[in-house]
K.L.:
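A single structure is presented below for examination.
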Amino acid sequence: VITLDSIYQDFLAAAESRFAGGDINSLEMVVAETKAASIMNTYQRIHTELVISENDLRVLLNTDNGLHPQEEEMIKLDIAFNTDSISAEDNPYVNYVRQYMEMQEAEMKSERSYHLPDFSIGYFNQTIDKTKGFDGIQLGMTFPIWFWGQTARVKAKKIEIDKARNQLDAEIRRTEMEIENQFRQLEKYTSILSYYEDKALKQANIILTHSTRSYTEGEISYVEYASVISDAFDIKINYLEAIDNYNQTVIRIRYLLGT
């Protein structure tokens with residue numbers, strides 16, 4: 001937006017010069033002023049939204065420190081993972097379901113332990129009628145009384161474990177499928193970015209340079225100039241959107257892989 005504003009400010013200055021020389025009419029002059037004002041308004045709106053987003057991030061991170069992007073331009077995130085891996089083992093939600101299943105298994109083992117008899121052993125030494133030396137060993141065994149109620153609780157835990165295991169298997173399959181799809185998306189956006197970086201952006205810069213010079217020198221009309229730079233900036237905006245889509249895909253894959 002800043003670049004676009006700079007171009008339209010130059011365009012406005014050129015329009016004012018041409019209007020003073022009688023090369024363009026008042027309508028074209030008004031349109032030029034309106035366009036330049038619209039771009040400045042867009043810049044101010046984006047600046048306000050950026051400040052709001054930074055404040056929201058500070059609240060989320062519970063910090064009073066200022067948070068500002070370190071890069072002047074959008075950058076592509078590094079692929080910090082193996083593009084051949086589609087394992088969902090470290091996925092946060094998969095781990096949550098797995099831990100829940102393991103907790104249910106531990107509770108079932110605890111319930112089963114109540115089915116078993118409890119053994120005890122003890123040693124005693126006592127004195128009877130002032131006579132010492134009466135030693136002995138005491139053995140004990142206890143059995144659970146409410147056996148059937150305990151069995152019902154164990155069966156209920158088995159059902160919970162089966163449900164958790166099925167949920168875990170389903171979540172692993174779903175996550176691995178999404179990982180595969182996200183990798184395909186990453187390939188698509190990589191190809192799109194290559195097109196812009198190798199060809200389209202260079203063409204857009206050439207268009208902007210030549211069209212601005214041509215308009216300033218009076219070789220093309222305002223309508224032609226506005227159409228040309230609009231196409232050029234559409235290319236640049238589409239490139240930024242492609243970077244955003246690429247980065248969002250990388251972030252999603254990192255989450256799915258648990259990296």
Side-chain angles (χ1 to χ4, degrees), residues 1-9 36-104 106 164 167-168 170-194 196-197 200-201 204-205 233-259:
V1 175
I2 295 175
T3 303
L4 186 59
D5 175 64
S6 176
I7 288 177
Y8 270 102
Q9 290 300 327
S38 175
I39 295 299
M40 177 54 69
N41 181 66
T42 300
Y43 169 73
Q44 292 174 344
R45 176 177 57 80
I46 292 176
H47 176 71
T48 300
E49 292 176 354
L50 179 61
V51 172
I52 293 173
S53 296
E54 290 175 354
N55 289 338
D56 290 340
L57 184 58
R58 289 167 59 190
V59 172
L60 183 64
L61 297 178
N62 191 26
T63 178
D64 294 327
N65 297 329
L67 301 171
H68 306 285
Q70 295 182 351
E71 303 293 336
E72 293 293 332
E73 299 179 355
M74 288 186 66
I75 60 173
K76 292 190 298 182
L77 295 177
D78 293 331
I79 303 177
F81 45 76
N82 182 6
T83 56
D84 295 328
S85 173
I86 58 171
S87 173
E89 291 300 316
D90 294 326
N91 177 267
Y93 188 69
V94 169
N95 280 331
Y96 165 77
V97 177
R98 182 184 294 111
Q99 290 173 3
Y100 176 78
M101 183 186 71
E102 292 172 351
M103 181 185 69
Q104 294 299 318
Q167 183 181 1
L168 176 62
E171 189 60 31
I172 289 175
R173 288 194 298 271
R174 187 200 66 78
T175 303
E176 290 182 346
M177 181 60 67
E178 185 178 356
I179 291 173
E180 182 178 348
N181 290 338
Q182 290 296 326
F183 274 132
R184 294 183 185 278
Q185 288 283 79
L186 191 65
E187 292 177 0
K188 180 184 72 175
Y189 292 128
T190 299
S191 177
I192 293 174
L193 288 176
S194 296
Y196 282 110
E197 292 166 353
L201 288 178
N205 290 331
F233 271 98
D234 281 345
I235 293 174
K236 290 180 173 290
I237 291 172
N238 290 338
Y239 172 64
L240 295 178
E241 290 178 349
I243 292 180
D244 182 57
N245 291 331
Y246 175 91
N247 288 344
Q248 293 299 324
T249 303
V250 171
I251 292 171
R252 183 61 181 172
I253 292 175
R254 287 180 179 176
Y255 165 76
L256 292 171
L257 295 177
T259 59

K.L.:
Would you compute the distance between atom CG of L168 and atom OH of Y96 and round it to the nearest 0.5 angstrom?
P.N.:
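With rounding to 0.5 Å, CG (L168) is 12.5 Å from OH (Y96).
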K.L.:
Using every non-hydrogen atom in the two residues, find where L77 and Y246 come nearest and quote the distance to one decimal.
P.N.:
O-CE2, 3.7 Å
K.L.:
Return the minimal non-hydrogen interatomic distance between Y255 and P92, and the atom names on each side.
P.N.:
O-CD, 3.4 Å
K.L.:
From R252 CZ over to E178 CD, what is the distance, rounded to the nearest 0.5 angstrom?
P.N.:
4.0 Å
K.L.:
What's the separation between atom CG in N245 and atom NZ in K188, rounded to the nearest 0.5 Å?
P.N.:
7.5 Å
K.L.:
Ignoring hydrogens, what is the shortest heavy-atom contact between I192 and A242? Give both atom names and the distance.
P.N.:
CG2-CB, 3.9 Å
K.L.:
Do you know which two heavy atoms are closest between F183 and I253, and how far apart they sit?
P.N.:
CD2-CD1, 3.8 Å
K.L.:
Using modelled atom types and a 3.5 Å cut-off, is there a donor and acceptor pairing between side-chain atoms of N205 and backbone atoms of L201?
P.N.:
yes
K.L.:
Could you check M101 against Q104 for side-chain contact (heavy atoms from CB on, under 4.5 Å), going step by step and ending with a plain yes or no?
P.N.:
CA-CA 5 Å; M101 183 186 71; Q104 294 299 318; 5.7 Å; no
K.L.:
As an exercise, state the distance from CG of L240 to OH of Y196, rounded to the nearest 0.5 Å.
P.N.:
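Nearest 0.5 Å value for the CG-OH distance: 10.0 Å.
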K.L.:
Assess whether atom CE of M177 is packed by more than 12 heavy atoms of other residues, nucleotides or ligands within 6.0 Å.
P.N.:
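No.
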K.L.:
Would you say R98 and E89 make side-chain contact, with heavy atoms under 4.5 Å?
P.N.:
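Yes - at least one pair of side-chain heavy atoms lies under 4.5 Å apart.
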K.L.:
Might you work through the side-chain contact (heavy atoms from CB on, under 4.5 Å) test for E241 and D244, ending with a clear yes or no?
P.N.:
CA-CA 5 Å; E241 290 178 349; D244 182 57; 5.5 Å; no
K.L.:
Which of these passes side-chain hydrogen bond (donor to acceptor under 3.5 Å, both in side chains) with R184: E180, Q182, E187?
P.N.:
E180
K.L.:
To the nearest 0.5 Å, how far apart are CG in L61 and CG in D56?
P.N.:
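Nearest 0.5 Å value for the CG-CG distance: 11.0 Å.
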K.L.:
Within the 4.5 Å heavy-atom criterion, are T175 and Y93 side-chain neighbours or not?
P.N.:
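The answer is no, as the side chains (C-beta and beyond) never meet within the 4.5 Å cut-off.
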K.L.:
Check whether any side-chain heavy atom of I235 lies under 4.5 Å from a side-chain heavy atom of Y239, and answer yes or no.
P.N.:
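No. Closest side-chain heavy atoms not under 4.5 Å.
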K.L.:
Check for a donor-acceptor pair, side chain of N247 on one end and backbone N or O of I75 on the other, with a separation under 3.5 Å.
P.N.:
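Flag set: sc N247 to bb I75 pair under 3.5 Å.
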K.L.:
Using a strict cut-off of less than 4.0 Å between a Lys/Arg side-chain nitrogen and an Asp/Glu carboxylate oxygen, indicate whether R58 and E54 qualify as a salt bridge.
P.N.:
no
K.L.:
Using the rule side chain to side chain contact (heavy atoms under 4.5 Å, CB included), only one of I251, I179, N181 pairs with L256; which is it?
P.N.:
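Single pass found, and it is I179.
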